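Structure record follows, encoded as structure tokens.
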Amino acid sequence: MDLGTRDVKPRLAPEHEWESPMFDLAQQQFLRAAQIMDLDENIRDRLLYPQRSLMVSFPCRRDEYSQVETVFGYRVQHILTMGPTKGGIRYHEDVDLGEVAALAMWMTWKCALMHLPYGGAKGGVRINPNELSRPELQRLTRRFTMEIVGMIGPDKDIPAPDMGTNAQVMAWIMDTYSQQVGYPVPEVVTGKPIVLGGAVGREEATGRGLIYLVEEAAKHQKLDPADATAVVQGFGNVGRNAAIYLAELGTRIIGVSDASTGIYNPHGINLSNAIKYVEQNGVLKGFNGGEEITNEELLLLKCDILAPCALQNQITEQNAEHINCKILAEGANGPTTLEADEILTKRGVFLLPDILGNAGGVTVSYFEWVQNTQEFAWTLDETNARLREMLVSAFNRTLMRSERNDVNMRMAALIEGIGRVAEAKLLRGIFP
Ligand code: GLU
């Protein structure tokens, strides 16, 4: 391809600007895949950094009127080649530019792997949402929306929930954006409440999608889910729903956890009791349906299916040798490091990598956006049937690529996603 001569070497971003273990992981994964694919150097350099990054600081007034806090927020659009950009907004006390950039890059590969007409984006605000009252959360959300209002839009960039945000936060974003333009624009965000144009099934879609994929992986591994045991790390939206749908298949859930504790019960955890307990107490700690263990111990439990559905950087070279599962089903983004990947692959663990494993969320987001633009609503059965069909074909594409290129499922999924974006970039050429 002709993207100019290599004499004018692009000045790549200074290291410190993006210094972050998560962005480093995303870049290293990409570079490894690029090498296997023998990707054109110019294309490689264009995909290595986000196309647009906005970093803002803004005031957040607490309920105590005189108390005003300066808060940092980000919106990163990785690639604008494929259509509008798409990706969640995360509220977490550790969010930084590198983390948001990594998540945006993964959104690009995820959308491309799923054949969705989007590039990847992500947003984040460095705040602990659990420490905010509801009015504080609303003010923070509205002000952050105004800070990024020029960047988002139904044909530009469409936010959605991620860690620490939910349908209510999306409703406030939708309202703030609509106030600005002067008419209602439901399709500016996905993951909204149903009465505002949210799609039925969107809230559970990430957990549900992960388990549709576990069913495919289990077939491939000749494992009967009804005879299997599972451990789920994380009891938020993704982990909780993944556990529920696994239990519906007859799988015995022997371990669950949240940030407060892990719970282990070899006879199976009663999920509805655990959910009730968390609804009443806010956290799993103190739940008497099993033995309390740490999150580190939880990951090492012997089981058939291990589903990390919490934070990044959980399975590393420190614990990968001791992970004791047949299928690793990643609901979280970036839970496994590259070094750990190698160890797990050598040990024969079958991987459902994050960009495939948690793609159910953005896929039903896409359904929501399509329904909004057509002012038409699908039934839950229609949504789930289409979700399963799209995930199963992405699974098959990834498995075939993995066999053809003799790479693990993560590299295969990356190659599928990157290949599609690279092809689109070549076809569009360079302006001017
Ligand atoms: N935040 C979710 C993800 O990481 C969903 C994004 C979306 O629905 O746009 O995939």
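In each ligand, atom 1 is the first atom listed, and ligand 1 is the first ligand listed. Just so you know, these numbers come straight off a predicted model, no measurement behind them.
- Around ligand 1, the residues contributing at least one heavy atom under 4.0 Å from the ligand are K86, G87, G88, M107, K110, K122, A160, P161, D162, R202, N333, G361, V362, S365.
- A salt bridge links E215 and R388; the closest N-O separation between the charged side-chain nitrogens and carboxylate oxygens is under 4.0 Å.
- Here the CD1 atom belonging to I305 is positioned 9.5 Å from the CG atom belonging to L210, to the nearest 0.5 angstrom.
- Here CZ of F395 is found 8.5 Å from NZ of K219. Values are rounded to the nearest 0.5 Å.
- Tested against M409 for a side-chain contact (heavy atoms from CB on, under 4.5 Å), the candidates T345, T398, L328 yield a single pass: T398.
- Here the OH atom belonging to Y212 is positioned 15.0 Å from the CG atom belonging to L352, to the nearest 0.5 angstrom.
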* What's the verdict on side chain to side chain donor-acceptor pair (under 3.5 Å) for T229 and R252, showing C-alpha distance, side-chain angles and the deciding distance? -> CA-CA 5 Å; T229 55; R252 185 152 39 103; 6.0 Å; no
